[in-house]
Amino acid sequence: MTGDHCVSDEASEFEYSIHWINDLLERVLEREADEYIVSTGKSISGSIPISFYRELIIADVIKRKLLEAGKKTRTLFVADDYDPVRSFPSSVSLSLDEWLGIPYSKVPDEFGCCESFGAHATNEFIKTFPEFGVSPEVVWQSKLYESGKMQEATRICLRNTETIREILIEYVARDFNDAQKADYLESMKNWFPASVFCPSCGRIQAGAKGEIVVNRITGYDPVTDKVSFSCPSCGHSDEVSLNELQVKLSWRIDWPAKWFVLNVTCEPAGKDHSVKGGSFDTGLEISRRVFGMEGPVKVPFEWVRIGGRDMSTSEGIVFSPKVWLSIAPPELYRYLMLTPPLERAIDLHPERIPDMVDEFDRFERTFYGLEDAPEEKMDLIRLLYPLCLNGEVSEKYVPKLPYKFAIITSQMEGILGFTTILERCEQVLKKQFGLNEISTEAKKLIPIRLNRARTWAQEFGSDRDKVEVPDSVREEIMDTITDNDRKFLTKFCEVLKGESLDDEELQSKVFETARAVGMKDKRAFVVLYRILISRKSGPRLGGFLNLLGNEWVLKRINSVL
RNA sequence: GGGCUCGUGGCGCAGCUAGGUAGCGCAGCAGGCUUUUAACCUGAUGGCCGCGGGUUCGAAUCCCGCCGAGCCCGCCA
């Protein structure tokens with residue numbers, strides 16, 4: 001802040017904040033609610049991809065800031081498991097014909113461990129909440145309906161069918177041409193905002209994606225509270241009292257009804273819903289005119305993509321939270337979600353995880369003042385860093401093993417064993433951060449990072465990232481070794497047989513030995529790397545040789561002599 | 001048809017809201033660390049800031065138009 005220019009109180013209102021979180025908080029606080037309910041929701045047509053965490057994290061930071069401001073608040077996660085099956089991802093073994101049109105909450109779990117197909121997919125996701133630092137209350141849409149909590153909302157909607165029709169015509173048909181508009185108006189004449197789960201066949205609709213015929217209510221009598229319907233799936237038709245039927249509101253109506261029932265103050269919405277005149281806006285209109293409520297604060301956000309493609313379950317590119325956790329820290333994911341503006345698409349590139357982890361580590365060290373940063377950036381870092389964590393900010397910096405070092409080292413586990421590797425990593429940490437002792441917190445993180453780095457190298461790394469130590473020296477490598485090389489190797493064996501040296505001493509010995517036999521030092525390194533890992537360069541040799549152990553290296557060298 | 005976002009050195013991005021010397025990370029290059037590197041440090045190279053107008057003393061930044069890339073909505077959810 002420059003002190004010489006004075007900003008009046010009025011003008012300061014128009015100052016831009018350093019981050020969207022602050023603007024968002026302000027907008028939400030304007031509601032002056034007794035309790036702020038920040039809701040999120042997801043349809044459950046299969047495994048939930050990590051992209052959905054953008055919504056949960058946005059909701060979570062709103063909650064965190066509200067709590068900080070001393071407000072009462074909760075976040076919700078509404079699992080829309082009452083939606084009927086329209087299609088299955090290719091990996092699913094269930095028969096689509098059998099379950100089409102049945103709610104996901106009534107389709108069995110093919111793995112047999114959860115209550116239903118919907119519950120399985122949802123539970124799998126919920127399990128990762130603590131690691132990603134979110135803690136919403138889980139609301140099952142199926143239970144919301146089955147427990148009767150939605151029934152009054154449904155009744156209100158049926159009684160206001162005419163108003164809802166008007167709203168839909170206004171919003172949906174806004175940009176239609178005359179012919180489309182005429183069709184739409186015609187179709188809305190006998191339209192009702194809810195559908196019936198047929199008491200005879202249990203379906204809410206017939207036909208798969210593209211050719212859906214919904215078992216829509218065909219009439220409602222507000223005096224008798226009876227609804228009539230005709231099932232397109234089995235042909236059953238009837239007129240039954242509303243509270244004796246299982247009825248579900250249409251999507252565009254279901255959403256505002258949930259806002260009403262759950263008293264939602266704020267809800268982030270992906271761009272598919274938040275498009276101008278889209279389902280969110282329609283919902284707000286319904287909130288106002290049908291439920292007499294203001295409706296939640298809309299928080300539009302763009303999608304998270306992976307490698308330039310959308311994460312869709314149907315395409316089979318499911319990048320699940322579990323996969324993320326197997327290669328990168330959850331804090332990094334939060335960081336990536338919180339840094340860019342909400343309206344910006346985020347494209348994840350798994351192959352760039354090492355760089356991104358490095359960046360986050362640097363960001364963290366900057367927070368702790370271990371790295372320089374311009375003061376104007378510090379405000380943002382102080383705001384953002386705590387929001388990236390899944391727990392409390394530690395008082396002291398917990399040193400992290402460099403990810404790129406972990407990539408190489410973790411792949412040595414096969415030949416060295418985990419214990420040796422851990423010891424080596426602790427040494428590196430001590431050296432890098434100038435420590436005498438490593439805290440237990442830091443120690444705990446080492447194996448986690450090693451595992452992630454190894455998995456990353458295997459699953460997403462290029463050939464360059466994969467370091468292998470073959471069981472024996474390959475034939476083609478043998479052929480490249482000259483007599484002069486053997487002279488060097490023989491002499492170097494004497495070094496290895498001698499007293500144990502530290503990394504740097506051993507490093508120097510490579511040079512000394514090379515010179516002693518009149519070999520170019522460059523060649524000495526190439527030869528050793530070839531024998532060890534079949535390529536001409538690799539990790540810093542002194543440390544690497546010690547990592548492998550003199551005994552092992554001696555045996556290896558002897559095998560080519 | 002309606003809407004959103006993006007277009008800045010090889011790649012990924014910041015800067016744009018309050019116009020004034022074009023920055024960062026990664027890769028690449030050169031050098032250093034008693035000579036290795038995928039660690040670390042230093043340095044140099046590299047950009048008509050998509051194109052064309054306008055406003056201005058001055059535009060990556062503001063305004064208008066265009067081009068290109070991508071996505072969403074438009075039946076259901």
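Protein chains get the first letters and strands the later ones, always in sequence-line order, with residue 1 at the start of each. All figures in this text were calculated on a predicted structure; none of them were measured in a lab.
A:Tyr335 and A:Glu359 are linked by a side-chain donor-acceptor pair at a separation below 3.5 angstrom, with hydrogens and angles left out of the test. Remark: the A:Gln246 side chain and the A:Tyr82 side chain contain an N/O donor-acceptor pair separated by less than 3.5 Å. Side chains of A:Glu146 and A:Trp140: no donor on one and acceptor on the other come within 3.5 Å. Between the side chains of A:Asn215 and A:Ser195, no donor-acceptor pair is found at a separation under 3.5 Å.
Pair assignment for B:C66 gives B:G50, based on Watson-Crick or G-U wobble hydrogen-bonding distances that are each under 3.5 Å. With a 3.5 Å ceiling on both atom-pair distances, the Watson-Crick or G-U wobble partner of B:G1 is B:C73. Figure legend. B:A30 is base-paired to B:U42; pairs are counted as Watson-Crick or G-U wobble with both atom distances under 3.5 Å. In this structure B:C13 sits in a base pair with B:G23, meeting the Watson-Crick or G-U test at under 3.5 Å.
Here the separation of B:G1 from B:A59, taken at their P atoms, is 36 Å to the nearest Å. Spacing of C1' atoms, B:U56 relative to B:G10, comes out at 36 Å, to the nearest Å. Atom name P, nucleotides B:G46 and B:U55: the rounded distance is 34 Å, in whole Å. Across B:G3 and B:G65, the matching P atoms stand 13 Å from one another, rounded to whole Å. Look at the C1' atom in both B:A22 and B:C49: the space between them is 8 Å, to the nearest Å. Taking atom P on both B:A44 and B:C24, the two are 11 Å apart, rounded to the nearest angstrom. B:G52 and B:C4: their P atoms are spaced 26 Å apart (whole Å). Nucleotides B:U61 and B:G50 have their C1' atoms positioned 16 Å apart, rounded to a whole Å.
One interatomic measurement links the two molecules: CH2 of A:Trp191 to P of B:C76, which rounds to 8 Å at whole-angstrom precision. The interatomic distance linking A:Asp80 (CG) with B:C76 (P) rounds to 17 Å, in whole Å. Whole-Å rounding puts the A:Ile407 CD1 to B:A38 P distance at 13 Å. Separating the CD atom of A:Gln180 from the C1' atom of B:C73 is a distance of 13 Å, rounded to the nearest angstrom. Following rounding to the nearest Å, A:Ile346 (CD1) and B:U5 (P) show an atom-to-atom distance of 15 Å. Remark: C1' of B:C24 and CG of A:Asp358 are 15 Å apart, rounded to the nearest angstrom. Atom CD in A:Glu351 sits about 15 Å away from atom C1' in B:G25, given to the nearest Å. Rounded to whole angstrom, the span from the CZ atom of A:Arg216 across to the C1' atom of B:A77 amounts to 11 Å.
A salt bridge is defined here as a Lys NZ or Arg NE, NH1 or NH2 lying under 4.0 Å from an Asp or Glu carboxylate O, and A:Lys143 with A:Asp81 fails to meet this definition. For A:Glu285 and A:Arg252, the salt-bridge test fails: no basic side-chain N is under 4.0 Å from an acidic carboxylate O. Ionic pairing of A:Asp358 and A:Lys404 is present here: one or more N-O contacts between side-chain nitrogen and carboxylate oxygen are shorter than 4.0 angstrom.
In terms of modelled atom types and a separation under 3.5 Å, the side chain of A:Ser250 and the main chain of A:Ile253 share no donor-acceptor contact. The closest donor-acceptor contact from the side chain of A:Glu55 to the backbone of A:Gly41 lies under 3.5 Å.
Nucleic acid contact class of A:Glu343 (heavy atoms, under 4.0 Å, all strands): sugar-phosphate only.
For the segment residues 247-262 of chain A, the set of residues with a heavy atom within less than 4.0 Å of an atom of RNA chain B comprises A:Lys248, A:Ser250, A:Trp251, A:Arg252, in numerical order.
The closest side-chain heavy-atom distance from A:Cys231 to A:Val196 is not below 4.5 Å. With contacts defined as side-chain heavy-atom distances shorter than 4.5 Å, the pair A:Met150/A:Lys258 qualifies.
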Going 5' to 3' through nucleotides 9-16 of chain B and flagging B where a protein heavy-atom sits under 4.0 Å of the base, S where only the sugar-phosphate is that close, and - otherwise, we get --SS-S--
